[in-house]
Amino acid sequence: MRLLTVLAFCLSCLAALPALAFDTSARAAYVLDQTTGTVLLSKNASEPLPPASMSKLMTLYVAFEAIRDGRLSLDERLPVSSHAMSYKGSTMFLDTTDRVRVEDLLRGIIVLSGNDACVVLAEALSPDGTEAGFARFMTTRARQLGMESSTFMNSNGWPQAGHMMSVKDLAILAQHIIEDFPEFYPMFAETEFAFDGRAPQNVRNRNPLLSLQIGADGLKTGHTQEAGYGLVGSARQGDRRVIFVITGLDTERARAEEAEAIVNWSFRHFAEKTIAKEGVPVARAEVWMGREPSVGLVPEADWDVLLPILQSGELDGEVVYVGPVDAPVRKGQPLGELVVRPEGLPEMTLPLVADGDVPAGGFLVRVTAAANALIKKWLSPDAAT
């Protein structure tokens, strides 16, 4: 019988001291260290919530893909429909006599948060030429990118029933933008865009972190009455980059203060540690009817994570696998995972694979294994029942 096996794991030189968890007042929050993949903070991270203008990032991602694939060019001029012109709130003040360069539309979305600019791009890229059709396309594309809690009803986050994203999905999206489109990402650090001078009251980027010299270089604010104040942010200091999402704050000032505090906390209170090394067994899994009785469980690469800098001593964890593992076993075969739960941080897991081949045993091995199994069954306390 194959059973779920849990083995204790203990790593020296790391501590079981409580991590100083960030006490956020946001309704939902998610903080990811992009460099190591360590989740530093997760609060209501998968709950679908109104994203407001933060969902404009998905429109931008689809537009970046279209430019990369040659379906759209930065110098192409797009018409403005009456539907696009009808949007209120934050806009570029476009009208139906305009034909606007794609590059200006991108900056109009990133810097000015233009609702109308989103619709111009949406109608140009929509499978059926409508904003609703583009929203359906965005939903499908989001699922393909691993965003499981996102449903789009429009291109710009205007309040509409069913238009939802989770903060975790927004972090996934931000990471894709940063990694997939490094040629476009510098636009997110631009603080001003005076589109043809027609709207002097809307020329500045609303991201409150860009001028603070703390490494912040993106991405997008959001605010509606229903959603509250939110921000998808990213900052880089040295070799580390942090991506974070907060939403549901009561005021613009609260958003700014919370975002700055998260960035400072993320960089000042964590240090990179190696939990497990490539090819070095962290445990051994029992093998059923193999030429060897067990096989080493190893990570395929060094596992570097962030842990609180005050930690010292030991970090406890578990190695989990379903065993005994049936022979033959091949080198690199996925067999289990290492689970660590630093106090104050979300659970972390690392896949483990076999460190070598274990061929099936011969006749004598099979007979011996079968005999041992029968003996164990007879000696079991349940054997007499």
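Scope of the values below: all heavy atoms of this structure, side chains included, with no hydrogens, waters or symmetry mates. Residue numbers run from 1 in the order of the sequence given.
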pair Trp303-Lys273: side-chain heavy atoms closer than 4.5 Å: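 The answer is no, as the side chains (C-beta and beyond) never meet within the 4.5 Å cut-off.
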same_hphob_cluster(Tyr229, Val31) at 4.5 Å side-chain heavy-atom cutoff: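 Yes; Val31 is reachable from Tyr229 via cluster members.
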Linked, directly or transitively: Phe184 and Val111 (ILVMFWY side chains, under 4.5 Å): yes
Charged N-O contact under 4.0 Å between Arg143 and Glu148: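 The answer is no: the pair does not qualify as a salt bridge.
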Under-4.0 Å salt bridge between Asp180 and Arg68: no
Inter-residue atom distance [X].[atom1] - [Y].[atom2], 0.5 Å rounding:
X      : Y      : atom1 : atom2 : answer
Leu106 : Asp104 : CG    : CG    : 9.0 Å
Leu112 : Glu190 : CG    : CD    : 10.0 Å
His163 : Met153 : NE2   : CE    : 9.0 Å
Leu78  : Leu105 : CG    : CG    : 6.0 Å
Ser42  : Leu32  : OG    : CG    : 10.5 Å
Ser55  : Asn154 : OG    : CG    : 6.5 Å

Going by distance alone, is a donor N or O of one side chain under 3.5 Å from an acceptor N or O of the other, for [X] and [Y]?
X      : Y      : result
Asp217 : Tyr185 : yes
Glu131 : Tyr87  : yes
Thr191 : Arg204 : no
Glu47  : Ser166 : no
Ser150 : Asp169 : yes

Within 6.0 angstrom of Glu183 CD, more than 12 heavy atoms from elsewhere: yes
Ring center gap for Phe64 and Tyr61 short of 6.0 angstrom: no
Under the side chain to side chain donor-acceptor pair (under 3.5 Å) test, residues paired with Thr140 that sit two or more places apart: none
Any donor-acceptor N/O pair, Thr139 side chain to Ala135 backbone, under 3.5 Å: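 The answer is yes, because a donor-acceptor pair under 3.5 Å joins these two groups.
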Option from Glu179, Gln175, Arg236 for which side chain to side chain contact (heavy atoms under 4.5 Å, CB included) with Arg241 holds: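 Between Arg241 and the candidates, side chain to side chain contact (heavy atoms under 4.5 Å, CB included) is satisfied uniquely by Arg236.
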Pair Arg240-Asp33, salt bridge (charged side-chain N to carboxylate O under 4.0 Å, His left out): steps then yes or no: CA-CA 7 Å; Arg240 284 185 55 202; Asp33 180 79; 2.9 Å; yes
